[in-house]
Amino acid sequence: MQSLLRYLSEIFGNAFQQAGMDSSYGDVVISARADLGQFQCNGALAAAKAARQNPRAVAESVLANVSPREIFADLSLAGPGFINITLTDQFVAKRLRAAAADARLGCEATPHPEAIVVDYGGANVAKSMHIGHLRSAIIGESIKRILRFTGHNVLGDVHLGDWGLQMGMLITELRRHQPDLPYFNPEFSGPYPEESPVTIEDLEQLYPAASARAKSDTEAMEQSRQATAELQAGRPGYLALWLHFVGVSIAVLRRDYGSLGVTFDLWLGESDAQPQIPTMVQQLRAAGFAELSEGAEVIQLPPASEDEREIPPLILVKSDGGAMYGTTDLATIQLRVEELYADRILYVVDARQSLHFEQVFRAARRTGIAGHAKLEHLTFGTMNGTDGRPFKTRAGGTMKLHDLVELIQTEAIQKMEEAKIGAEYPDQEREEIVRMVGVGSLKYADLSNHRTSDYVFDPEKFVRFEGKTGAYLLYAAVRMKSILRKAADQGFAPGEILPPTDAERELALLLTRLPDEVEYAADRRAPNYLCEYAYNLAQAFSRFYDRCHILREENVALRGSWLALVKLCLDQLTTTLELLGMEVPERM
RNA sequence: GCGCCCGUAGCUCAGCAGGAUAGAGCAACAGCCUUCUAAGCUGUGGGUCACUGGUUCGAAUCCAGUCGGGCGCGCCA
C-alpha cells in the first residue's frame with residue numbers, strides 16, 4: 001500500500017501537472033495548523049514564484065484539478081496560497097482497515113533493496129564496555145533494524161578492535177608479569193595450552209597498566225611496537241596468546257551486548273582484514289596510488305571537485321612497515337565489497353572520527369576499492385556529564401556499561417515496589433519486566449536525541465519513569481495489551497474499524513502515518529523521528545483511553561471498532577519500539 | 001593556524017531538503033482515581049530561536065560575518 005503522504009502528494013502532483021506545472025510542487029505534508037486542516041500543500045507558493053504568477057490564482061487552478069475529490073471532507077485555500085486538506089472519516093477508516101489487514105501494517109518494502117553492512121558497536125578486545133560504547137551500539141542496532149524493516153538485506157558487524165598496537169601492549173605487559181608462560185618462549189614448539197592464561201578481569205587490569213606504561217616509558221612503547229610487529233608477522237606464541245585475548249573478550253562482549261538487546265550477524269574485527277592487506281598494498285603500489293612521504297607510504301587525497309576540501313593523505317604503510325587503521329579500514333571495505341557484495345556500508349561511529357572516515361572513503365573511491373558501494377559515516381555526538389564535560393562517575397572514572405544497566409534496573413525495581421505493582425508476579429517474569437523497562441528507558445533516552453547532537457548523560461534523569469520516557473511507552477503498550485486480553489476474556493472481538501468520531505480522530509489520523517515515519521527515519525538514518533512518533537502514538541492512545549471506556553461501551557459495532565483501533569495501535573507501537581530496539585512486556 | 005560540529009523556555013532536548021500562531025518532557029502552580037494499570041489524563045504560566053547583516057512574498061531553518069562552547073588535524077585506534 002502506498003503511504004498516505006505519497007498518495008496525497010501524487011494527487012496534488014497530478015493537479016499541478018494538469019495546471020501546467022511540475023508535479024514536484026504537489027508535496028503534501030502534515031499540517032502545521034491542525035485547526036485549519038489535517039494536511040497541507042504549500043507548492044502553489046513556490047510554483048507561483050517560479051512562474052511569476054499570483055500564488056492564490058495558482059492554488060485555485062490546482063484545486064480545480066484535484067481528483068479524486070470524494071476522499072476530501074474539506075479542501076480550502078488560505079493565506080497567500082496554502083491549500084488546507086481534511087480527509088473524510090470514511091477514507092481514514094478505509095486506510096486503517098487496509099493497514100490492519102496488512103502484515104507490514106501498510107509499510108511497503110523498498111523496490112530497490114540493497115546489501116548493506118552496518119558497522120557499529122566497535123568494542124575493543126581486553127577493554128570492558130563502558131558508557132562510551134553505548135551510543136554506537138544503541139543507534140547502530142536501531143538503524144540496522146529500520147533498514148532491514150524497509151526491505152534491505154542488512155548485516156550488522158561488530159567490527160571488533162582486536163588488532164594493532166594495543167595488542168602488542170597487552171602482550172608485553174603480560175610478559176612482564178608472567179615471563180615463564182610458553183607463549184613467550186621462542187623455542188617452544190607447541191602445542192600451546194587450550195586454557196586461557198588470563199581472565200577478562202586480568203585483561204581489564206593489564207590494559208590500563210600497559211597503556212599508561214607505554215605512554216610514560218619510551219622503552220616500554222618500543223617493546224610494544226616490537227611485539228605488535230611480531231604478532232603481525234605471525235609469531236606462533238603471540239598468535240596463540242592473542243587468540244585467547246580475543247576469545248575471553250568476546251564471551252563478555254556477547255553478554256554485555258546481549259543485555260542491551262544488541263545482536264550482530266558478524267563478529268568480525270580488524271584482524272580479519274589483515275590477510276588482505278599485503279596484496280591490497282601491492283595492488284595500490286602497482287596502480288601508482290602509493291607515494292613515499294617522510295619514510296611512510298601514503299595515498300594523496302587532493303580535492304577532485306569544488307565541493308571537496310583539502311585533507312591530509314592517508315597513511316598506507318608506516319615507516320616501520322606496519323599497517324595503520326586506515327589501511328585496515330580500506331582492506332575491510334575491499335572484503336565487504338568482494339565477499340559480502342555490499343552495495344552500501346554504514347559506519348556508526350563517533351563524530352570525532354570524521355576526518356579519518358573522509359580520508360578512508362576518499363581513498364576507497366579514488367582507488368576503486370569501494371567499487372560501486374556507497375560509504376556513509378553516520379556520526380553521533382559525545383555523551384557529556386551534567387557539567388558539560390565528557391561523562392565521568394562521581395569517582396572520576398568511566399562508568400562500566402554493566403554497572404549502568406544494573407543501576408537503571410535497580411531503579412525500575414524500586415518504582416515497581418513504590419507503585420505496588422508486580423508483587424504477585426513470578427520472580428522470573430518480574431526480572432524480565434525490570435530488564436525490559438530498564439534497558440528500554442536507557443535506549444529511549446539516548447535515541448530520542450538526534451544522533452548527531454552531543455547530549456548530557458544524566459543517570460538520575462534517565463532513571464525517571466514519568467513523562468517522555470521509554471517506560472511511558474511500554475506502559476501505554478501494556479495497557480493496550482491488557483484491554484485486548486480483558487476483551488477476549490469477555491468474548492469481545494475487534495471488529496471493523498468505523499469512521500472516527502471526535503473522540504478517536506486524533507489517534508486514527510496518527511495511525512495512518514507509520515509508513516511515512518519509518519521512511520523518514522530510514523532516509524535520514526535517524527531513529528529519533530521514530531521516538532517522537534512512538535511518543536505521539538502513546539499519548540494519543542492515553543487520551544483516547546481516558547476519554548472512552550472501551551470495555552464498558554455497549555454499542556457492539558463501536559466497541560468492536562475501538563478494539564480494532566487499539567489492536568492496530570498496539571501493533572504499530574510494538575513495531576516502532578522494535579525498530580528502536582525495545583521489547584514490550586505482557587504486563588508491568 | 002586550518003577544518004568540522006553546536007548555541008531554541010529555568011533545566012534537558014525536538015523542530016532545520018524555507019511556509020501560517022516555534023513544540024515536548026522535566027521543574028512550578030491548579031485540577032482528575034467506588035470505572036479497562038494514576039509509570040496516567042486535563043489546565044495555567046514561561047522563548048528578542050546567541051548577535052549582526054543578506055537572499056526571499058515568507059528565515060529557528062539558506063548564505064556571510066561576529067561572539068561563545070565542543071571536537072579534530074601523517075606514522076595510536
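All chains are named by letter (A, B, ...) in the order of the sequence lines, taking the proteins before the strands, and each is independently numbered beginning at 1. For clarity, every value in this text was computed on a predicted model and none was experimentally measured.
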Asks: Mind checking A:Ala78 for me? I need base, sugar-phosphate or nothing, with any heavy atom below 4.0 Å counting as a touch.
Replies: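 If one applies the 4.0 Å heavy-atom cut-off, A:Ala78 turns out to touch a base.
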Asks: Indicate, with a heavy-atom threshold strictly under 4.0 Å, whether A:Asn384 touches base, sugar-phosphate, or nothing.
Replies: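 It contacts nothing in the nucleic acid.
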Asks: On RNA chain B, check which nucleotide each of A:Met416 and A:Lys461 is closest to and give me the residue with the more 5' one.
Replies: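 Between the two, 5'-proximity favours A:Lys461.
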Asks: Using both distances under 3.5 Å as the test, list the Watson-Crick or G-U wobble partner of B:A50, or none.
Replies: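 With both distances under 3.5 Å, B:A50 matches B:U66.
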Asks: A:Tyr425 side chain N/O closer than 4.0 Å to the phosphate oxygens (OP1, OP2) of B:U37?
Replies: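 For A:Tyr425, the contact criterion (side-chain N or O under 4.0 Å from OP1 or OP2 of B:U37) is not met.
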Asks: Between C1' on B:C36 and CG on A:Leu484, what's the gap in Å once rounded to a whole number?
Replies: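 The answer, rounded to whole Å, is 10 Å.
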Asks: Mark this stacking check for A:Tyr472 against B:G40 as yes or no, applying ring centres under 5.5 Å and ring planes under 30°.
Replies: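 Taking the rule of under 5.5 Å and under 30°, the ring of A:Tyr472 does not stack on B:G40.
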Asks: Any side-chain N or O of A:Arg479 below 4.0 angstrom from OP1/OP2 of B:G40?
Replies: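 Indeed not, no polar side-chain atom of A:Arg479 lies that close.
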Asks: Give a yes or no on whether a salt bridge exists between A:Arg435 and A:Glu431, defined as a side-chain N under 4.0 angstrom from a carboxylate O.
Replies: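 Result for this pair is no, no salt bridge flagged.
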Asks: Which part of the nucleic acid does A:Leu355 contact within heavy-atom distance under 4.0 Å: base, sugar-phosphate only, or nothing?
Replies: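 A:Leu355: backbone/sugar contact only, no base atoms under 4.0 Å.
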Asks: Taking a pair as Watson-Crick or G-U wobble with both distances under 3.5 Å, which nucleotide is matched to B:U12?
Replies: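 B:U12 is paired, partner B:A24.
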Asks: Please determine if A:Asp502 and A:Arg505 form a salt bridge, counting it only when a charged side-chain N lies under 4.0 Å from a carboxylate O.
Replies: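 A:Arg505 and A:Asp502: salt-bridged.
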Asks: Check whether any side-chain N or O of A:Arg352 sits under 4.0 Å from OP1 or OP2 of B:G70, and answer yes or no.
Replies: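 Result: no.
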Asks: Please check the phosphate of B:A14 (OP1 and OP2 only) for any side-chain N or O of A:Ser453 closer than 4.0 Å.
Replies: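 Yes, such a contact exists.
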Asks: When you measure from the side-chain N and O atoms of A:Tyr475 to the phosphate of B:A39, is any distance below 4.0 Å, counting only OP1 and OP2?
Replies: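 So the side-chain polar atoms of A:Tyr475 do come within 4.0 Å of the phosphate oxygens OP1 or OP2 of B:A39, strictly under.
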Asks: Determine, step by step, whether A:Asp307 and A:Ser305 satisfy the side-chain hydrogen bond (donor to acceptor under 3.5 Å, both in side chains) criterion, reporting the C-alpha distance in whole Å, the side-chain angles of both residues, the deciding distance to 0.1 Å, and the verdict.
Replies: CA-CA 6 Å; A:Asp307 43 51; A:Ser305 68; 2.8 Å; yes
Asks: For B:C76 and A:Lys215 - does any side-chain N or O of the residue sit under 4.0 Å from the phosphate oxygens OP1/OP2?
Replies: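 So the side chain of A:Lys215 is outside the cut-off, no N or O lying under 4.0 Å from OP1 or OP2 of B:C76.
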Asks: Indicate, with a heavy-atom threshold strictly under 4.0 Å, whether A:Glu294 touches base, sugar-phosphate, or nothing.
Replies: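 Base contact.
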Asks: Answer yes or no for this row: A:His549 ring on B:C36 base, centroids under 5.5 Å, planes under 30°.
Replies: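 A:His549 vs B:C36: stacking yes.
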Asks: If I take atom NE2 in residue A:His130 and atom C1' in nucleotide B:A77, what distance separates them, rounded to the nearest angstrom?
Replies: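 Atom NE2 in A:His130 sits about 12 Å away from atom C1' in B:A77.
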Asks: Please determine whether a side-chain nitrogen or oxygen atom of A:Ser542 lies at a distance below 4.0 Å from atom OP1 or OP2 of B:G40.
Replies: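 For A:Ser542, the contact criterion (side-chain N or O under 4.0 Å from OP1 or OP2 of B:G40) is not met.
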Asks: Think A:Tyr444 has a side-chain N or O under 4.0 angstrom from the OP1 or OP2 of B:A14?
Replies: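 Negative; the distance criterion is not met.
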Asks: Quick one: is B:A14 close enough that its OP1 or OP2 comes under 4.0 Å of any side-chain N or O from A:Tyr535?
Replies: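 The answer is no; no side-chain N or O of A:Tyr535 sits under 4.0 Å from OP1 or OP2.
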Asks: Between A:Gly295 and A:Ala44, which has a closest nucleotide on RNA chain B that is more 5'?
Replies: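 Nearer the 5' end of the strand: A:Ala44.
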Asks: Does A:His450 put a side-chain nitrogen or oxygen below 4.0 Å from OP1 or OP2 of B:C13?
Replies: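 It does not, given that no N or O in the side chain of A:His450 lies less than 4.0 Å from OP1 or OP2 of B:C13.
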Asks: Using OP1 and OP2 only, check whether a side-chain N or O of A:Tyr455 sits under 4.0 Å from B:C5.
Replies: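 So the side chain of A:Tyr455 is outside the cut-off, no N or O lying under 4.0 Å from OP1 or OP2 of B:C5.
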Asks: So does A:Arg6 have more than 12 non-hydrogen atoms from other groups sitting under 6.0 Å from CZ?
Replies: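 Open: at most 12 neighbouring heavy atoms sit under 6.0 Å from CZ of A:Arg6.
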Asks: Would you call the rings of A:Phe357 and A:His377 parallel, tilted or perpendicular, where under 30° means parallel and over 60° means perpendicular?
Replies: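 Rings of A:Phe357 and A:His377: tilted, as their planes differ by 30° to 60°.
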Asks: Could you tell me if the ring centre of A:Phe361 sits under 6.0 Å from that of A:Tyr347?
Replies: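 Yes.
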Asks: Would you say A:Asn536 places a side-chain N or O within less than 4.0 Å of OP1 or OP2 belonging to B:G23?
Replies: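 For A:Asn536, the contact criterion (side-chain N or O under 4.0 Å from OP1 or OP2 of B:G23) is not met.
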Asks: Is A:Gln539 near enough to B:G25 that one of its side-chain N or O atoms lies under 4.0 angstrom from OP1 or OP2?
Replies: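 Answer is yes, contact under 4.0 Å.
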